[in-house]
Amino acid sequence: LTITDFINILRHYYKSPLVKMDELEEHKIQTWRDLAIRQQHKMLVSIDPNQSIYQAVVMLVESKIHRLPVIDSIIGNVLFILTPKKLLQFLFAQFEEGPQPRFMSEPVRQLGVGTYDNTAMVSQETPLIVVLNIFAERRISAVPVVSDQGVVVDIYAKFDVINLASERTYDNLDISVQEALSHRAEGFEGVHTCLGSESLRTVIRRLVEKQVHRLVVVDTRSHVVGIVSLSDILSFLVLKAPKIFSS
C-alpha cells in the first residue's frame, strides 16, 4: 500500500465532516488493497535485478510511481526498493566524476525540464479534500500553496497526508490547507525553489543536496512559474537528452 492508495481510500469514504470514518480503523489491509486495485486497475510494477537502470527509469516515469521494488524472479523475494531520489543521486555522482555534457550548463526551463503549463497550485484557504482530488485527478504528488498575490508560501505534498493517519484527523477533510499544514511534523525547512534561468546542473545539485523530491520554479518576485521534480530530471537525463544531444 502507498500514500496514493490511502488518499484514494479517503476520497472513496469521505462524505462530510459530520460523517465519521470509524470503519477505516477496522479494515484489513487486503480490503484497502482490493479497493485500490478496483479504482486504478493497476497491478504491482516491479523490476528484476538483472534489468538495467535505463529500464528502471522507464518504468518509474511511464508508470508515474515513486518506488520500484526489485524482486528476485526465481524466489519472489523483494531485494530492495529503487526510488527516483536514489537513482538521481547515483547519476549525479557519475556526472560529477567526469566531463559533463554541455546541456548541464543550460537553463532548466529552456531545456523544457519540468511542468510550466497549467501548473496546479492552491491557496491557503483551499479545502484539503480539494487538494486530495487534485492529486488523484492530475496524478501529481505536490501542489504549491500561494498567497493572494500569487507568491509561493508553502507546499502540500502527498507525504503530508501521513499526518492525517498518524493523528487520526481524517474525519474532517474540509479543513483548509493552512490548518492541515499546522500539523506537519517539526523539521520542515520550507519550500525549496529555483529560477527557470538556473542551469540544469545547479537544479540537480540542489535537489540532491537538499534531499527533496521537487523544486518550485519561481520568477524573481517568487511567483510560481512551474515545478521541476525528480521524475522530470530522470526522464530528461536518461530518456530525452541522449536523443536530443546525441550529435
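We use all heavy atoms of the structure for the numbers below, so side chains are in, but hydrogens, waters and symmetry mates are not.
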* Just do the side chain to side chain contact (heavy atoms under 4.5 Å, CB included) check on His66 and Ser141 with the steps written out, would you? => CA-CA 10 Å; His66 300 98; Ser141 56; 4.0 Å; yes
* N/O donor-acceptor pair under 3.5 Å between Glu62 side chain and Met59 backbone -> no
* Going from CD1 on Ile233 to CG on Leu91, what distance comes out if it is rounded to the nearest 0.5 angstrom? -> 11.0 Å
* To do: Verify the cluster assignment for Tyr54 and Phe236: are they in a single hydrophobic cluster under the rule of side-chain heavy atoms below 4.5 Å apart?
  => yes
* Check the pair Leu10 / Ile129 against side chain to side chain contact (heavy atoms under 4.5 Å, CB included), numbers first and verdict last. => CA-CA 9 Å; Leu10 290 179; Ile129 185 63; over 6 Å; no
* Determine whether the side chains of Arg201 and Ser105 contain a donor N or O and an acceptor N or O closer than 3.5 Å. => yes
* Hey, does Ile71 have a side-chain heavy atom less than 4.5 Å from the side chain of Asn77? -> no
* Asked: If you look at every heavy atom in Val143 and Phe135, which pair is closest and at what distance?
  -> N-CE2, 4.0 Å
* Structure fact -> On a heavy-atom basis, the closest approach of Ala120 and Ile140 is CB-CD1, 3.7 Å
* To do: Check Pro107 against Gly196 and note the closest heavy-atom contact, atom names and distance.
  => CB-O, 3.6 Å
* Atom CG in Leu68, atom CD in Gln51: separation rounded to 0.5 Å? -> 8.5 Å
* Asked: Is any side-chain heavy atom of Leu207 closer than 4.5 Å to a side-chain heavy atom of Phe92?
  -> no
* Quick one: does Tyr116's side chain get under 4.5 Å of Val228's, heavy atoms only? -> yes
* In a check of side chain to side chain contact (heavy atoms under 4.5 Å, CB included) between Val177 and each of Asp154, Asp160, Val145, Ile155, which one passes? -> Val145
* Heavy atoms of other groups near Arg138 CZ, more than 12 under 6.0 Å -> yes
* To do: Kindly indicate whether the side chain of Val218, heavy atoms from C-beta on, has any atom under 4.5 Å from the side chain of Leu195.
  => yes
* Atom of Ile47, atom of Gln55 and distance for their closest heavy-atom approach -> CD1-C, 4.1 Å
* To do: First locate atom CG of Leu111, then atom CE of Met104, and finally report the distance between them rounded to the nearest 0.5 Å.
  => 10.0 Å
* Asked: How about Lys158 and Thr4: does a side-chain donor come under 3.5 Å of a side-chain acceptor?
  -> yes
* **Backbone N/O of Ile65 and side chain of Ser63: donor-acceptor pair under 3.5 Å** => no
Got a list of side-chain donor-acceptor pairs under 3.5 Å for residues 82-90, not counting sequence neighbours?
| residue | atom | partner | partner atom | Å |
| --- | --- | --- | --- | --- |
| Thr83 | OG1 | Lys86 | N | 3.2 |
| Lys85 | NZ | Gln211 | O | 3.3 |

* Between the side chains of Asp174 and Asn172, does any donor sit under 3.5 Å from an acceptor? -> no
* Is Asp72 reaching over with its side chain to a backbone N or O of Ile74, donor-acceptor style, under 3.5 angstrom? -> yes
* Do the ring planes of Phe103 and Phe95 sit parallel (below 30°), tilted (30 to 60°) or perpendicular (above 60°)? -> perpendicular
* Asked: Measuring from Thr193:OG1 to Ile227:CD1, what's the distance to the nearest 0.5 Å?
  -> 11.5 Å
* Would you give the length of the straight line joining atom OG of Ser199 to atom CD of Gln100, rounded to the nearest 0.5 angstrom? => 9.0 Å
* Could you list all the salt bridge (Lys or Arg N to Asp or Glu O under 4.0 Å) pairs where at least one residue sits in residues 204-216, not counting sequence neighbours? => Glu96-Arg205, Glu198-Arg206
* Sub-4.5 Å side-chain heavy-atom contact between Ser235 and Lys240 -> yes
* To do: Please indicate whether Ile75 has more than 12 foreign heavy atoms, meaning atoms of other residues, nucleotides or ligands, lying under 6.0 Å from its CD1.
  => yes
* Asked: So which heavy atom on Ile81 is nearest to which on Pro69, and how close?
  -> CD1-CA, 3.7 Å
* **Ser231 versus Val61, closest heavy-atom pair with distance** => O-CG2, 4.2 Å
* To do: Check whether Val58 and Val45 end up in the same hydrophobic cluster, where Ile, Leu, Val, Met, Phe, Trp and Tyr are linked by side-chain heavy atoms less than 4.5 Å apart.
  => yes
* To do: Take Val151 and His223 through the test side chain to side chain contact (heavy atoms under 4.5 Å, CB included) and record every step on the way to the result.
  => CA-CA 5 Å; Val151 174; His223 292 155; 3.6 Å; yes
* To do: Check whether Val217 and Val108 end up in the same hydrophobic cluster, where Ile, Leu, Val, Met, Phe, Trp and Tyr are linked by side-chain heavy atoms less than 4.5 Å apart.
  => yes
* Asked: Can you check whether Thr119's main-chain N or O pairs, donor with acceptor, with Thr115's side chain at less than 3.5 Å?
  -> no
* Asked: Do Ser229 and Asp232 have side-chain N/O donor and acceptor atoms under 3.5 Å apart?
  -> yes
* Given the rule in the side chain to side chain contact (heavy atoms under 4.5 Å, CB included) test, do Tyr156 and Val122 qualify, once you have shown the distances and angles that lead to the verdict? -> CA-CA 9 Å; Tyr156 192 87; Val122 298; 5.7 Å; no
* Asked: Any side-chain heavy atom of His213 sitting closer than 4.5 Å to one from His192?
  -> no
* Inter-residue atom distance Ser176.OG - Leu128.CG, 0.5 Å rounding -> 8.5 Å
